[in-house]
Amino acid sequence: KSVVKIGPDGTETTVATGLGNPQDLALDAQGNLYIADAGNNTIVKVTTNGTKSTFATGLNGPAGLAFDATGNLFVSSTGKHDAHKIAPDGTKSNFVTAGLNSPGGIAFDATGNLLVADTGSNSILSVDRNGNVTTKVRAGLNAPSDVSVDGLGNLLVAEPGMNSVLKITPQGTKNPV
């Protein structure tokens, strides 16, 4: 399995091959690409010059990737229902070890909280800098798989079970996109 880059003109360029099951992608501030490879339980790094290497190992079903403002990479893992923090030098630490149930995609909000599309609990969870988990959105979700935050603070939530993407305003209004 591979990751392909599609240019503005539609040109396809293969960026990485030999992956087991790529689940998510993230770019660091320098433009390096990180790939959550659930099939190999690793994070693969592809530098801007195309060099591919293993950045982190020992994960169990990495599913979501997001960088914080200081360059730490956060990884949600469905296999152990947890999340890890990986420093720029590759040092891995546990960030959340309880309170998640099949976490998928992740993103940071404007205040630095990590948002988690928690598929197993049909919720969007919020995790503060100390790893404390609270429910951000629960009612009306069906197996959310990914979450993003736009510049206005709206959440965009992918719900494959409903074949939809929801936009949830900071006031809690939900509308299909």
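Note that the structure is predicted; figures quoted are calculated from it, not measured.
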Okay, side chain of [X], backbone of [Y]: is any donor-acceptor separation there less than 3.5 Å?
X	Y	answer
D82	V96	no
S76	G104	yes
N41	G61	yes
K92	T57	yes

Quick one: [atom1] on [X] to [atom2] on [Y], what's the gap to the nearest 0.5 Å?
X	Y	atom1	atom2	answer
T119	N142	OG1	CG	10.0 Å
I35	D37	CD1	CG	7.5 Å
D24	L65	CG	CG	5.0 Å

> Looking at side-chain heavy atoms only, is the closest gap between K52 and V44 below 4.5 Å?
Replying inline: yes

> Is any side-chain heavy atom of V149 less than 4.5 Å from a side-chain heavy atom of L155?
Replying inline: yes

ring-ring contact (aromatic ring centres under 6.0 Å, His included) pairs, two or more places apart, involving [range]:
range	result
residues 31-62	Y34-F55, Y34-F67
residues 116-169	none
residues 90-133	F74-F95, F74-F108

> Are I106 and V75 connected in a single hydrophobic cluster, I mean Ile/Leu/Val/Met/Phe/Trp/Tyr linked by side-chain heavy atoms less than 4.5 Å apart?
Replying inline: no

> Mind checking whether L166 and V137 sit in one hydrophobic cluster, side chains of I, L, V, M, F, W, Y counted as touching below 4.5 Å?
Replying inline: yes

